[in-house]
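Reviewing the structure listed below.
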Amino acid sequence: MADPWDRAYDFAVKVARRAGEEIRKACESEIKVMIKSSAVDLVTKTDERVEKIIISMLKEEFGANTYNFIGEESVANGKPCILTDKPTWIIDPVDGTTNFVHGFPFVAVSIAFAVKKQLEFGVVYSCLEDKMYKARKGKGAFCDNDRLQVSDVKDINKSLIISEHGTDRSPEKVTKIFSTMQRILRIPVHGLRGSGTAATNMCLVACGAVEAFFEIGIHCWDIAAGAVIVTEAGGMLLDVDGGPFDLMSRRMVSANNNTIAQRIIKEIEIFPVERDDAEISKK
Ligand code: LIP
């Protein structure tokens, strides 16, 4: 029997590729940089334009009111960030905006789809590398046509870990972020990396290039697609305190196995961040 979401999954890949073409084109012209929550939280007209292209393609294909949308730039412009049971697209049009502004070659289009708050599929198009990562719940994860499998490393001393420092520069958070990175380096691990985009970092876990990615401060749109790709590649997701993964909590550990995940969790110095859906609890 045909899967009810097959058509949406296939179309999401087409939309991600189209969005990536738009981003590559924009790289060739001057980029007008604006700021959001701080002087280092960047946004550009390309972020906004690409999100509009993605949403309009999805509405044209499936109907304007068939599905809900959570998009990074729509939320930044006041749309609610509330995940309901209604089928919902979760979109980051340009993950790695700072990279895009600087010409650092990791920029991803991230498109995920959730039904009854369960992620059904995820697509991450690393458009400057021209790598299409995708995964459908229960049907495996792929990079282009190659099946993905996480690393089989269990020894933390033989691991490569990826994380990001994010855009919050408040002294107490920067101190905790770098104290965590120091504790991890001192385990020791082979190394610590960061691509500048959470979606790409999760795909690097899925393809076995790194053993774990963790971050406090990401948003649901950064990680929703990567979450499906990691789990379908045999990896796992947890909260940074070892509890169950919570898409809207803005914190996460993704890893190749529980041994690595638990070892990393021991070193993370947790600091509070407001949930993506915080407005629900304010009502
Ligand atoms: C980015 C995330 C990254 C985080 C950055 C930024 P954006 O998303 O992918 O993990 O460290 O601060 O939030 O803003 O480029 O879409």
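Counting starts at 1 for both ligands and their atoms, in listed order.
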Sub-4.0 Å atoms of ligand 1 with respect to non-hydrogen atoms of Thr97: 15 (O)
Heavy-atom pair of closest approach, residues Phe104 and Val107: O-CG2, 4.1 Å
Part of His219 with heavy atoms under 4.0 Å of ligand 1, whether side chain, backbone, both or neither: neither
Location of contacts on Thr167 toward ligand 1, heavy atoms closer than 4.0 Å: both
Leu119 CG to Arg136 CZ distance, which is reported to the nearest 0.5 Å: 11.0 Å
Sub-3.5 Å N/O-N/O distance, Glu164 and ligand 1: no
Taking atom 7 (P) of ligand 1 as the reference point, the nearest protein heavy atom with its distance: Asp95 OD1, 3.5 Å
Option passing side chain to side chain contact (heavy atoms under 4.5 Å, CB included) with Arg251 (candidates Asp241, Ile268, Asp246): Asp241
Numbered atoms of ligand 1 (with element) below 4.0 Å of Thr197, judged on heavy atoms: 9 (O)
Per-atom contacts of ligand 1 with Gly166, taking only distances under 4.0 Å to non-hydrogen atoms: 11 (O), 12 (O)
Proximal ligand 1 atoms for Ala198, defined as those under 4.0 Å from one of its heavy atoms: 2 (C), 3 (C), 9 (O), 10 (O)
Crowding at NZ, Lys86 (>12 non-hydrogen neighbours, <6.0 Å): yes
Nitrogen or oxygen of Glu215 less than 3.5 angstrom from that of ligand 1: yes
Ring centers of Trp5, Phe121 separated by less than 6.0 Å: no
With sequence neighbours excluded, residues passing side-chain contact (heavy atoms from CB on, under 4.5 Å) with Ala19: Val50, Ile54, Val109
Under 4.0 Å to a heavy atom of Gly96 - the qualifying atoms of ligand 1, by number: 7 (P), 15 (O), 16 (O)
Sub-4.0 Å atoms of ligand 1 with respect to non-hydrogen atoms of Ile218: 10 (O)
Heavy-atom pair of closest approach, residues Ser163 and Glu215: OG-CA, 4.4 Å
Non-hydrogen protein atom less than 4.0 angstrom from atom 4 (C) of ligand 1: yes
Atom of Val228, atom of Glu120 and distance for their closest heavy-atom approach: CG1-O, 4.4 Å
Thr231: side-chain contact (heavy atoms from CB on, under 4.5 Å) partners, not counting sequence neighbours: Leu237
Nitrogen or oxygen of Glu72 less than 3.5 angstrom from that of ligand 1: yes
Numbered atoms of ligand 1 (with element) below 4.0 Å of Asp92, judged on heavy atoms: 16 (O)
Ligand 1 atoms in contact with Val94 (distance to a heavy atom under 4.0 Å): 15 (O), 16 (O)
Check: Asp222 N/O within less than 3.5 Å of ligand 1 N/O: yes
Passing candidate, side-chain hydrogen bond (donor to acceptor under 3.5 Å, both in side chains) with Asp95, options Thr197, Asn201, Thr200: Thr197
